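What follows is a set of notes on a single structure, which appears directly below.
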2 protein chains.
Amino acid sequence: MINTKKIIIVDDHKIVRDGIRAMLLCNKSFSVVGDLASGKELFQQLNSLTPDIVILDIGMPEMNGVEITGKLNREYPAVKVLILSANASEDWIVSAIKAGAVGFLPKECSSGELIKALRHISRGENYYGESIASIIYRSYVNILRDKESPKRTEELTERESDVLKAFSEGLSFKEIADKLCISPRTVESHKINILNKLELKNTIEMVKYAIKNGIIDL
Amino acid sequence: MINTKKIIIVDDHKIVRDGIRAMLLCNKSFSVVGDLASGKELFQQLNSLTPDIVILDIGMPEMNGVEITGKLNREYPAVKVLILSANASEDWIVSAIKAGAVGFLPKECSSGELIKALRHISRGENYYGESIASIIYRSYVNILRDKESPKRTEELTERESDVLKAFSEGLSFKEIADKLCISPRTVESHKINILNKLELKNTIEMVKYAIKNGIIDL
DNA sequence: GATGAAGTAGGTGAAATCCCGTATTTGGTT
DNA sequence: AACCAAATACGGGATTTCACCTACTTCATC
């Protein structure tokens, strides 16, 4: 094989990294040039490792997969991103695609499918996995039907993120106010905005959203 | 090697299962006779696969690793259990050991450590991993100092579990009352008991507890 | 048959949150 | 310069939840 593609794996669990590494060991088209535990490490080593493809766990503490994908796409547009996700929710798929991922697989996928995805990606194609594809299709149909329904992925402002994070840590209005040095009423305003934007109905759904989207760790 | 140990891997992510499989492929002391996605499948196939060791992910929907361990220990005491956990909290370690796990590793462990653990376990020894060992030591010291502090792992009653589950779904007192056909005040009583038992300070911590312990899925 | 745990239910007052608003300042865009 | 979105802040009343109790019933266990 003339053109071996260089791959970096980013996942906070070493066992997953080793696992993927082991899967690709027998395959001559791909060579794993690094496996890292966080986005921070990735950006530190990106220039020296010069990967073609980055395999990215979406659910990581600190910087989540979507954020990393966005930054990669802005600063290193030649690097392709394949996202791995524990639970393939529509939200995450949409965010990942928006951020520039060219592949998306559930962690339930087989090693065969992983290699298939990598092949497609190295040919410059997209690959989204069968189970993902059906979710994308459904989402697409929804968009066509409702004209404009992709409100779900509306972005939170910086401040709203702070508030969301604080709520998810179990703080009360007053505690959040103190922490962020604003009035409790302002915290309330932010919260209402968050709930409206994300179409959630209460604090608990908000916390679950935050966990799902890697905004806080458990 | 005369005595090859038979291993089953249980994890809800195929990629992790395949990864561990791949890691053990080169090792003649251990052969993976099955990899399964849930406790249910495990108990269906246990009699035909007759494993020596079960590698168990602690964080799974439906039946979590601790429950599976307990059931295994009661019904198949010859089968050794090695727990893998994403986040190695004291609570989980304590629960796992109580339930009868003879090994406990964080998912951040290396493949080398995994094999080391399996070697110890097949010799009939316990193995808890370096990072785990320090947590165990600290917990042990606490128990010695406080005479009796392991209140943390106190069990919830059936009804309390129902209430916890309902709260975690984002229902209010009134909604839970309707759902369980009891008075809102009773729901309140249950909730207070839950918070006290688990030493949590509010609903949000409760929800996070429920997610962490696999009582609800995200 | 006493004891205790689990499940049920309620009282009361305080605290927190929700839900409807309005208003000012700041920073960026056109 | 005009405009808009974001962030900040507040009001008032309704509703919900919290905290700390008491109390009854059932059921198993000793």
Side-chain angles (χ1 to χ4, degrees), chain A residues 67 70 74 95 98 148 150-211 213 215-216, chain B residues 67 70 74 98 148 150-210 213 215-216:
Chain A
E67 293 177 60
R74 269 176 270 120
S95 319
K98 267 190 170 177
E148 37 166 4
K151 49 199 161 190
R152 182 149 296 269
T153 320
E154 214 166 339
E155 299 291 328
L156 295 184
T157 67
E158 194 61 28
R159 212 52 171 165
E160 284 164 351
S161 291
D162 294 341
V163 172
L164 173 53
K165 218 171 289 186
F167 266 111
S168 308
E169 280 163 13
L171 305 179
S172 69
F173 279 30
K174 211 167 280 178
E175 289 169 325
I176 296 170
D178 288 348
K179 184 176 172 175
L180 301 180
C181 297
I182 54 181
S183 137
R185 313 309 300 275
T186 307
V187 176
E188 209 187 314
S189 301
H190 286 311
K191 184 187 175 181
I192 291 171
N193 291 334
I194 294 168
L195 293 183
N196 288 337
K197 274 191 187 178
L198 304 177
E199 294 186 325
L200 306 168
K201 74 173 209 286
N202 56 37
T203 315
I204 287 161
E205 290 198 341
M206 207 167 75
V207 172
K208 294 206 277 185
Y209 174 92
I211 294 171
N213 290 54
I215 294 166
I216 60 152
Chain B
E67 292 176 61
R74 269 175 269 121
K98 269 190 168 174
E148 37 166 5
K151 51 199 161 191
R152 185 150 292 272
T153 320
E154 213 165 341
E155 299 291 328
L156 295 185
T157 68
E158 195 60 28
R159 213 51 171 162
E160 285 164 352
S161 293
D162 293 341
V163 172
L164 172 53
K165 218 171 290 186
F167 266 112
S168 307
E169 281 163 12
L171 305 179
S172 68
F173 280 30
K174 210 166 281 179
E175 289 169 324
I176 297 170
D178 288 347
K179 183 175 175 176
L180 300 180
C181 297
I182 54 180
S183 135
R185 311 307 305 275
T186 307
V187 177
E188 211 186 313
S189 301
H190 287 312
K191 183 186 177 181
I192 291 171
N193 290 333
I194 294 169
L195 292 183
N196 288 336
K197 274 192 188 176
L198 303 177
E199 294 184 324
L200 305 168
K201 74 172 209 286
N202 54 38
T203 315
I204 288 160
E205 289 196 343
M206 208 168 73
V207 173
K208 294 206 276 186
Y209 174 93
N213 290 55
I215 295 166
I216 59 151

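Nothing here was measured: the structure is a model prediction, and the numbers come from that model. Side chains included, hydrogens not; waters and symmetry mates left out as well; all remaining heavy atoms used.
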Closest non-hydrogen atom pair between B:P184 and B:A177, with its separation:
N-CB, 3.6 Å
Quick check: do B:K208 and B:L200 have side-chain heavy atoms less than 4.5 Å from each other?
no
Is any side-chain heavy atom of A:K179 closer than 4.5 Å to a side-chain heavy atom of A:D162?
no
With a 4.5 Å heavy-atom cut-off, do B:M206 and B:V163 have their side chains touching?
no
Under 3.5 Å, N/O pairs linking protein and nucleotides 5-8 of chain D:
residue: D:dA7; atom: OP1; partner: A:T157; partner atom: OG1; Å: 2.9
residue: D:dA7; atom: OP1; partner: A:E158; partner atom: N; Å: 3.4
residue: D:dA7; atom: OP1; partner: A:R159; partner atom: N; Å: 3.4
residue: D:dA7; atom: OP2; partner: A:T157; partner atom: OG1; Å: 2.3
residue: D:dT8; atom: OP1; partner: A:R159; partner atom: NE; Å: 2.5
residue: D:dT8; atom: OP1; partner: A:R159; partner atom: NH2; Å: 3.0
residue: D:dT8; atom: OP2; partner: A:R159; partner atom: NE; Å: 2.9
residue: D:dT8; atom: OP2; partner: A:H190; partner atom: NE2; Å: 2.8

State whether the number of non-hydrogen atoms from other residues, nucleotides or ligands found under 6.0 Å of A:K201 atom NZ is greater than 12.
yes
With sugar-phosphate taken as primed atoms, P, OP1 and OP2 and all else as base, the protein-contact string of nucleotides 24-30 of chain D at under 4.0 Å (heavy atoms; B, S, -) is -------
Can you name the one residue among B:D178, B:I176, B:I192 that meets side-chain contact (heavy atoms from CB on, under 4.5 Å) with B:V187?
B:I176
How close or far is atom C1' of C:dA6 from atom CG of B:D162, stated in whole angstroms?
13 Å
Restricting to non-hydrogen atoms, name the atom on A:L195 and the atom on A:N202 that form the minimum distance, rounded to 0.1 Å.
CD2-O, 3.8 Å
Drop me the distance from B:K165's NZ to B:L156's CG, to the nearest 0.5 angstrom.
10.5 Å
Please tabulate the protein-to-nucleotide N/O contacts below 3.5 Å involving nucleotides 18-20 of chain D, giving atom names and distances.
residue: D:dC18; atom: OP1; partner: B:K191; partner atom: NZ; Å: 2.7
residue: D:dC18; atom: OP1; partner: B:T203; partner atom: OG1; Å: 3.4
residue: D:dC18; atom: OP2; partner: B:K191; partner atom: NZ; Å: 2.8
residue: D:dA19; atom: N6; partner: B:E188; partner atom: OE2; Å: 3.3

Start with the C-alpha gap between A:Y209 and A:L164, add the side-chain angles, then the distance that decides, and say whether side-chain contact (heavy atoms from CB on, under 4.5 Å) holds.
CA-CA 9 Å; A:Y209 174 92; A:L164 173 53; 4.2 Å; yes
From the options B:H190, B:R185, B:K191, select the one residue that forms a side-chain contact (heavy atoms from CB on, under 4.5 Å) with B:E188.
B:R185
Quickly work out the B:L156 CG to C:dG7 C1' distance and round it to whole Å.
14 Å
What is the distance, rounded to the nearest whole Å, between atom CG of A:N196 and atom C1' of C:dC20?
12 Å
